[in-house]
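Excluded from the calculations below are hydrogen atoms, water molecules and symmetry mates; all remaining heavy atoms, backbone and side chain alike, are included. In this text, all values refer to a predicted model and were calculated from it rather than measured experimentally.
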There are 2 protein chains.
Amino acid sequence: MNQKTQRFATIRKIIRNELISSQEELIARLRECGVEITQSTLSRDLKFMNVAKVPHKDKGYIYVLPNTVQHDANVSSNISDNITSLTFSGNLGVLKTKSGYASAISVPIDNLDSPDILGTIAGDNTVLLILREDANRGQIIESLVRIFPMINNIL
Amino acid sequence: MNQKTQRFATIRKIIRNELISSQEELIARLRECGVEITQSTLSRDLKFMNVAKVPHKDKGYIYVLPNTVQHDANVSSNISDNITSLTFSGNLGVLKTKSGYASAISVPIDNLDSPDILGTIAGDNTVLLILREDANRGQIIESLVRIFPMINNIL
DNA sequence: ATGCAAGTTGCATATTTATACAAATATAGC
DNA sequence: GCTATATTTGTATAAATATGCAACTTGCAT
């Protein structure tokens, strides 16, 4: 499992710093970094890591990391201590925070651009999440845990 | 050329509102919407529109529209240019705007005094519309288009 | 109208990516 | 240790996607 973690880290590093336009290309770069991997495994890794393939004007297509934990990984790990609960009702999610933190908490959620979270509204200590009609709550939780790991502790 | 614009609009609409996991699937949905298209052309359209393919827990992979979060400095005279999407979930409408514009956008909606829109709540980049229980979404859209003509472009 | 350039499309196919399945490896419980 | 169970991986292949090319269309200047 540690082998895998190391591999993930290398993949992330390469994708963050270079314009990679195919898995074959990434395999070659990984080999240069001392990581041997087959295309099948890489495909599965990328899926697991939520790496997206997006059009790019020069290279045709490039891989990009999910725009979640990148910018503010350190920030959000601190800030998530201010979340006190997460509940659901119908097509709504309700995230309670310590007083005054709702807006701050809602920013990275907006940046997720999850197709399952249509929008958020922040009050003082409550963030309302408007969910897609057939959104899966488990998935929503997973997405949120990725930005706010500490959420696990209050679930 | 107008044929193409129309096709783009339909593609956008479908991708925004549904979880589409392959081009074949999208082709089928487009046909249902009266748009005949081959896989080659669709591939090119998606590339042109900067549509990304991202992993998704249930469906494996889904197509998503590019982040409309372009913080461009040029101020638009038309306020409706700051609306980036409109979706629905249950008895709620969700209007996404550029960061900071939600309150401004909500004002004329409130002034509509539509019996179908019971009230609005504006966050930073999201306006929540609470709809009458049996409100018709098509009618809501019509009302909004009357105030924000440019909405048509993002539907 | 005619011809030309630029743009668009479908077909066929190359390229790329995902996955079923079996083998290999790790993990837990005795 | 050993066996059972789960996880990870590679191989081979299926599935999905991108693209070269030729045909067709569109707009525009002659």
Without hydrogens or angle criteria, can the side chains of B:T120 and B:D110 be said to hold a donor-acceptor pair below 3.5 Å? yes
Rounded to whole angstrom units, what separation is found between the OH atom of B:Y63 and the P atom of C:dA18? 10 Å
Go nucleotide by nucleotide along DNA chain C from the 5' end; which of B:L42 and A:L42 gets its closest nucleotide reached first? B:L42
Nearest-Å distance, CD1 (A:I20) to C1' (C:dT16)? 15 Å
Should A:T38 be listed as having a side-chain N or O under 4.0 Å from OP1 or OP2 of D:dT9? no
With sequence neighbours excluded, what pairs up with B:F48 under the ring-ring contact (aromatic ring centres under 6.0 Å, His included) test? B:F8
Given A:L26, which of A:T10, A:I15, A:D45 fulfils the side-chain contact (heavy atoms from CB on, under 4.5 Å) condition? A:I15
Using a distance-only criterion (donor-acceptor N/O pair, under 3.5 Å, no hydrogens), is the base of D:dG10 paired with the side chain of A:R44? yes
Sub-3.5 Å donor-acceptor pair from the side chain of B:T126 to the main-chain atoms of B:A122, do we have one? no
Note: contacts of residues 45-61 of chain A with DNA chain C (heavy atom, under 4.0 Å) are A:K47, A:K53
Could you walk me through whether B:E18 and B:K13 satisfy the salt bridge (Lys or Arg N to Asp or Glu O under 4.0 Å) test, starting with their C-alpha distance in whole Å, then the side-chain angles of each, then the deciding distance to 0.1 Å, before giving a yes or no? CA-CA 8 Å; B:E18 305 174 31; B:K13 193 178 83 182; over 6 Å; no
Check for me, please, whether A:F88 and A:I130 land in the same ILVMFWY cluster - side-chain distances under 4.5 Å, paths through other members count. no
Closest of D:dT19, C:dT9, D:dT9 to the B:S43 side chain is D:dT19
Please examine the side chains of B:L128 and A:L128, heavy atoms only from C-beta on, and report whether any two atoms are closer than 4.5 Å. yes
Check for me, please, whether A:L92 and A:L95 land in the same ILVMFWY cluster - side-chain distances under 4.5 Å, paths through other members count. no
Across all chains, not counting sequence neighbours, the side chain to side chain donor-acceptor pair (under 3.5 Å) partners of A:T87 are none
Does the side chain of B:L46 reach to within under 4.5 Å of the side chain of B:I11, using non-hydrogen atoms? yes
Of all of residues 22-37 of chain B, which get a heavy atom below 4.0 angstrom from DNA chain D, listed by number? B:S22, B:Q23
Please identify which of these residues, A:D116, A:I121, A:L144, A:N91, meets the side-chain contact (heavy atoms from CB on, under 4.5 Å) condition with A:L129. A:L144
State, yes or no, whether a side-chain contact exists between B:E36 and B:I27 at a heavy-atom distance under 4.5 Å. no
Salt-bridge present (A:E133, B:R137; N to O < 4.0 Å): yes
What N/O pairs connect the protein and nucleotides 12-14 of chain C at under 3.5 Å? Give each pair on its own line.
from, atom 1, to, atom 2, distance (Å)
C:dA12, N6, B:S40, OG, 3.4

Report for the helix from C:dA1-D:dT30 to C:dC30-D:dG1: angle between first-end and last-end helix axes, five pairs each, rounded to 10 degrees. 30°
